[in-house]
Amino acid sequence: MKKEIPKAYDPQEVEDKIYKTWEKSGFFNPNSFVGNRHTCSLQNFSISMPPPNATGVLHLGHASMLAYQDLMIRYNRMKGKNTLWLPGTDHASIATQTKVEKIIAKEGKTKYDLGREKFLERVNEYVENSKSTIKNQTRKMGSSCDWSRERYTLDDGLSRAVREVFTKMFNDKLIYRGDRIVNWCPRCESTLADDEVEHEEQKGKLYYFKYDKDFPITIATTRPETKLGDTAVAVNPKDERYKKYIGKVFEINLGNGKHKIKIISDREVEIKFGTGALGVTPAHSMTDWEMAEKNDLEKIKIIGEDGKMNENAGKDYEGLTVLEAREKIVQYFEKNNLIEKVEEVDQSLSICYRCDTPIEPLPSKQWFVAVDKKITIGGNKYFQNKSLKEIALEVVNKADEKNDKKIEIIPERFEKTYHNWMENLHDWCISRQLWFGHRIPVWYKNESGIRNQESGIDITYFVHGTTIDNEKNKASGHYDVKLSKLGIQQSKDLKKTIENEKFDIVFCSDLKRAVDSASLTFSDRGVKIIQDERLRECDYGDLTQAGASEILVIEKNVIDKPFPKGESYKDVEKRIRDFLNDLIDKYQGKKIAIVAHKAPQLALDVILKNRTWEQAINEDWRKTKEWQAGWKYELNNKFDNSSIVYTMIPKGKKYKNQEIYIGTNPPEGKNWTQDTDTLDTWFSSGLWTFSTLLNQDHEKYKTFEDWVANSPDLKKFHPTSVMETGYDILFFWVARMILMTTYTLGEVPFENVYLHGMVRDKQGKKMSKSLGNGIDPIEMIEKYGTDALRLSMIIGSSPGNDIKMYEEKVEGYRNFVNKLWNVSRYIIMNIDNTKEAGLPIGSPASDATLADKWILNNLNNLTKEVTDDLNNYKFSQAGEKIKEFTWNDFADWYIEISKIEKNKNEILNYILKQVLILFHPFIPFVTEEIWKNLDSENLLMVEKWADRDCREQACPFPTITTARDFEIIQNIIKAIRNARAEYKVEPGKKIEAVIYAGNKKEFIKSQAHLIKNLRTGIDKLEIKEKDDKIKDAVYLVVGDIEIYLEGIIDKEKEKKNLEKKIENIEKYIFQIKTKLGNDDFVGNAPREIVEKEREKFMESEKKIKKLKEKIKSLL
RNA sequence: GGGCGCUUAGCUCAGUUGGCUAGAGCAUCUCGUUUACACCGAGAGGGUCGGGGGUUCGAAUCCCUCAGCGCCCACCA
């Protein structure tokens, strides 16, 4: 006994240490791994780790993905391949932004309160945090990925790749900007791609109604509120009821002004549904939009981006939420007796896949990727007058044998799913109105320096009422001062003046005079007043409270240079610009009132009216002089009291007229502003396999082509070997990578796709926080160890099928890991020579026992089968086989035998090592730790794989196939044990046995030591050739061998036993008899099969004869 | 509406191209302190392979059909 080894394996004690050893070795990085290459071919093997979202923590889904990938990586590394596993994280724009929004909501804030910049700071802070959590947890799983190559989708290099590809696609006319109906999530305030919309079955009401009394057709709808935007009614052309109306136009009024309804025909309309007539709402339904396109109908947008009805819906509805509007219009219909009936129906509701908010289809101007446009790209073998969709279909097509670079999906059935999805793919909307993500590399020329917006925002600016300071001609700056009596009156007057004006929202500066004016003017109007400190008066610093006359003189001097301790007009301009950009982000198409001060108003002149500061000040002076009384303006005729109306961007201004620049870097020159939209997360994820392999010092390369050509990793590791991921993101991600990569590089992103299933709970339900049925992988690791967790996810699962997880399962594998540990503990503690297997080849051959040959033979078969299985992605089978071998053959039989036969150090050591090698990719920690305890020089992680390809000598011992022979001995032993249990022989009691072995006598004799000593409790064993007399003993038959156990017989029991055995065998014989009696079977079945049946028949006949004889003798 | 998958022991699953009396783990029951391991060992019971039909000498396996469950896609207002 040389070493003290703990009785039980303690994963907590070893895992972190082992991981550190691996990391330190540098072997995660293929550049520094030279380990065992000499025996195997120098192929490359690479996997891009599907980037976990930079949000939250690792869940079981990640754990299973990591287990599979690490398994493949470790296997291939041991095979001697140049192996790279590249880790990273995805910024996951919408998921992350939603998450951070929720966090700041708890602080009572919205993203607008923070502003774009500050909000993004918060997001990045959050991302950094969860990134490090995820990284640590990835390590906990034992992942042997190359951390030196870790990437993040928002890295500099990866971001450039995004801009490069966007630009390239734009130049190839694959990206265009279109005014189309899109999926809009009112909560995220962003568009969504078609597949980011989920459908939920819901009960809904189907209303049957007429637009008005004179309208001849009843239509049915589940969304009455959208009827305010109807411009047609569609009927099936074959529908006799409505044929006469087709082409006619009716004028209706739903209370939002008159509009025309044209009766059109469309084959898509189902005659049997509802009334067979469909109200067409072009702006708010995907189907209707297409009909409108075909029929050239007007598209009236009545629902805004905030999910509320807009002015097109009419005065009664404007500002109402969709549901409020629904109620209201139903009331209207009821009042006017227009409703025929209301039906309960099941409908599918579209919701956002990130926040479950109902989706509004809206027309909007967005960026799209054209998937059906055929293009030709020089040097790209795929794109020769082909579309993205066509190539994506071609590349995943088993039937197409000619295609040399095709992608194989495992399991195969998902290729069908993929095709089905791809064939139905529409142009992909890639712009998002999110803040977090890659800004779209598009710049607009705009004199104001503010992003152009088509829908426009109306700003009505009110300077606050006269204050006490005003009356004294004092400059107030940031000093809080009260309104004078006049000021209060002015504000009240203004309230009356603008009585009929509707504002969506009011902003005021947070200084008292502005707050008071605003609340006097806008009280009781049901409009929200928001204070914003960016609207404050210019801070005049030391001049605050000085006489105004002085300010007037030197006002122009404050343009660039602040007064001491104050700020300049340029500073004011800056904060106002900032404020306006916020408005643009949130208040598209809204009418806004601002109540603030003079300087901010001048800044608006500068920004929106394109004045210089000098001009603005001069104009202001003129006005002031003209009217003498300080703070009244009448620049716009609309109001007669201190107001100015700005329309930030005129409505309907077309982008065609606008100068636009698309490129990787910002354009030269002034007044370019970048589009504030960001790109769909999946756009950057689509580049993941190659953007991560591009050189990170990208600045060196001026062109993209140059950059690509000078990235050695890309050459070496791309296409990646396997893409391992869950089937749930086949479309989101896998499909997009195929689209984007074949287009950009002219090669596929990966050669194989391995899809694993979803991890579910014991009942097969999805794990979720709300159900509380989730299992935390880290908790499992702490309790049972990483290896146990890994095994419990790999064994018993098949590709593409969901896997059920529960704690007992992990516990079971923990037990196995401990068993392996104890196997090694026994061997190490009992073996003198554990040094490297410089095993003298052939030396133990001469005295190799049957058991030796049997176990070695089994090990050889195991090695071959496991290698085959792993090559064919049959991970579960491979793992199960090793486990079975280890536990059953090795531990339960062979080690026990070694205690009897002795001197098996070399073989025990050899088998243990082979098992460790085979098992390492599955359970890296415990195997590495045992390996270390064997005083090995190298890490197991880089040990050569166990099969013939990697080792000169797969097995140093001669192995003859004697499996059958050993099984005879096993069966004899099992039969004796069985009988002992059945006859309740006391454990300690020794028994005597006689075996009649016929011509196997000598063979059985040679193994008598095993029969005696392997828990059979046999004291005296006689082995004879022929059954000379039947003794008064328990009788057993194993094949053609008969066994008598003496001294334990209970005649009644023995009789029953034998009878039962006879019964069973008779049943069996009957089956074989009918088979053999069937001429068709004998004539048609393969000879071997028939022969086997005959053998079985004869054997059973013999057996039954013997048993019958035995029964007779008992009587 | 279209497509896909699943249904094998009480539970979780194996079962390769049809061919050894359909297997394993957990659970149950009976024994057990033997040079590692009770996170263990020795044994036992438990299944008309969802139902029905077909192809075949032979079906858990291939085909059809029905039922139940689950998933994905789709513009049923």
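Just so it is clear: chains get the letters A, B, ... in the order the sequence lines come, proteins before strands, and each one is counted from 1.
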[N] phosphate, OP1 or OP2, under 4.0 Å from [X] side-chain N/O:
X          : N       : value
Gln1071(A) : rG58(B) : no
Lys804(A)  : rC13(B) : yes
Asn978(A)  : rA44(B) : yes
Asn420(A)  : rC72(B) : no
Lys1096(A) : rU21(B) : yes

Give [X] one of three labels, base, sugar-phosphate or nothing, depending on what nucleic acid heavy atoms sit under 4.0 Å from its own.
X          : result
Glu808(A)  : nothing
Trp887(A)  : sugar-phosphate
Lys902(A)  : base
Val269(A)  : base
Lys272(A)  : nothing
Lys1075(A) : nothing
Tyr9(A)    : nothing
Asp892(A)  : sugar-phosphate
Ala234(A)  : nothing
Phe816(A)  : nothing

Item checked: Residue mapping more 5' on RNA chain B - nearest nucleotide basis, Ile900(A) or Glu884(A) ->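 The residue whose closest nucleotide sits nearer the 5' end is Glu884(A).
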Next item on the list: On RNA chain B, check which nucleotide each of Pro987(A) and Val1082(A) is closest to and give me the residue with the more 5' one.
Entry: Pro987(A)
base_contact_polar ([N] base, [X] side chain, donor-acceptor, <3.5 Å):
X         : N       : answer
Arg825(A) : rC37(B) : no
Lys819(A) : rC37(B) : yes
Lys899(A) : rA36(B) : yes

Note to self: Can you see whether Glu201(A) engages Ser348(A) through a side-chain donor-acceptor pair at a distance of less than 3.5 angstrom?
What the structure shows: no
Pair partner, [N] [Watson-Crick or wobble, under 3.5 Å]:
N       : value
rG58(B) : none
rG32(B) : rC40(B)
rA27(B) : none
rC20(B) : none

Margin query: Do Ile1018(A) and Ile1011(A) have side chains that approach each other closer than 4.5 Å (heavy atoms only, starting at C-beta)?
Written below: yes
[atom1] spacing across the pair [N] / [M], given as an integer number of angstrom:
N       : M       : atom1 : result
rC20(B) : rU35(B) : P     : 42 Å
rC72(B) : rG25(B) : C1'   : 32 Å
rC62(B) : rU56(B) : C1'   : 10 Å
rG47(B) : rC57(B) : C1'   : 26 Å

From C-beta outward on [X], which listed nucleotide comes closest to its side chain: [options]?
X          : options                   : answer
Ala1085(A) : rC39(B), rC71(B), rC57(B) : rC57(B)
Phe1081(A) : rA77(B), rA36(B), rG19(B) : rG19(B)
Asn818(A)  : rA77(B), rA24(B), rC39(B) : rC39(B)
Ala8(A)    : rA77(B), rA74(B), rC39(B) : rC39(B)
Glu268(A)  : rG43(B), rC75(B), rC57(B) : rC75(B)
Gln347(A)  : rA77(B), rC71(B), rC39(B) : rA77(B)
Lys7(A)    : rU21(B), rC37(B), rA77(B) : rC37(B)
Arg977(A)  : rA36(B), rG19(B), rA42(B) : rA42(B)
Arg760(A)  : rC71(B), rU30(B), rG15(B) : rC71(B)
Ser798(A)  : rC71(B), rA14(B), rC39(B) : rA14(B)

Notebook entry, point to check: With a distance cut-off below 6.0 Å to the six-membered ring centre and an angular limit of 45° from the axis, does Lys341(A) pair with Tyr208(A) as a cation-pi contact?
Noted result: yes
Margin query: Does the Lys NZ or Arg CZ of Lys227(A) fall within the cation-pi geometry relative to Phe209(A) - under 6.0 Å from the ring centre and within 45° of the axis?
Written below: no
Check: Looking at Phe414(A) versus Tyr418(A), is the centre-to-centre ring distance below 6.0 Å?
Finding: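 Not close enough - the centres of the two rings lie 6.0 Å or further apart.
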Item checked: Least distance between heavy atoms, Ile303(A) atom then His284(A) atom -> N-NE2, 3.2 Å
Check: Closest heavy-atom contact between Ile1062(A) and Ile1104(A)?
Finding: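 What the structure gives for the nearest pair is O-CD1, 3.7 Å.
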Rounded to the Å, how far apart are [X] [atom1] and [N] [atom2]?
X          : N       : atom1 : atom2 : answer
Arg413(A)  : rC71(B) : CZ    : C1'   : 10 Å
Asn1084(A) : rU55(B) : CG    : C1'   : 14 Å
Glu811(A)  : rU12(B) : CD    : P     : 18 Å
Tyr813(A)  : rU12(B) : OH    : C1'   : 9 Å
Arg980(A)  : rA42(B) : CZ    : C1'   : 10 Å
Asp1079(A) : rG58(B) : CG    : P     : 13 Å
Glu343(A)  : rA77(B) : CD    : P     : 12 Å
Lys1061(A) : rA44(B) : NZ    : P     : 11 Å

Check: Do we see Tyr1068(A) stacking on the base of rU21(B), given a limit of 5.5 Å between centres and 30° between planes?
Finding: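 Taking the rule of under 5.5 Å and under 30°, the ring of Tyr1068(A) does stack on rU21(B).
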Check: When you look at Arg1015(A) and Glu896(A), which way does the side chain to side chain contact (heavy atoms under 4.5 Å, CB included) test go after all the steps?
Finding: CA-CA 9 Å; Arg1015(A) 287 168 215 215; Glu896(A) 291 311 312; 3.1 Å; yes
Item checked: Ring geometry between Trp421(A) and Phe731(A) (parallel below 30°, tilted from 30 to 60°, perpendicular above 60°) ->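 Parallel: the ring planes of Phe731(A) and Trp421(A) meet at under 30°.
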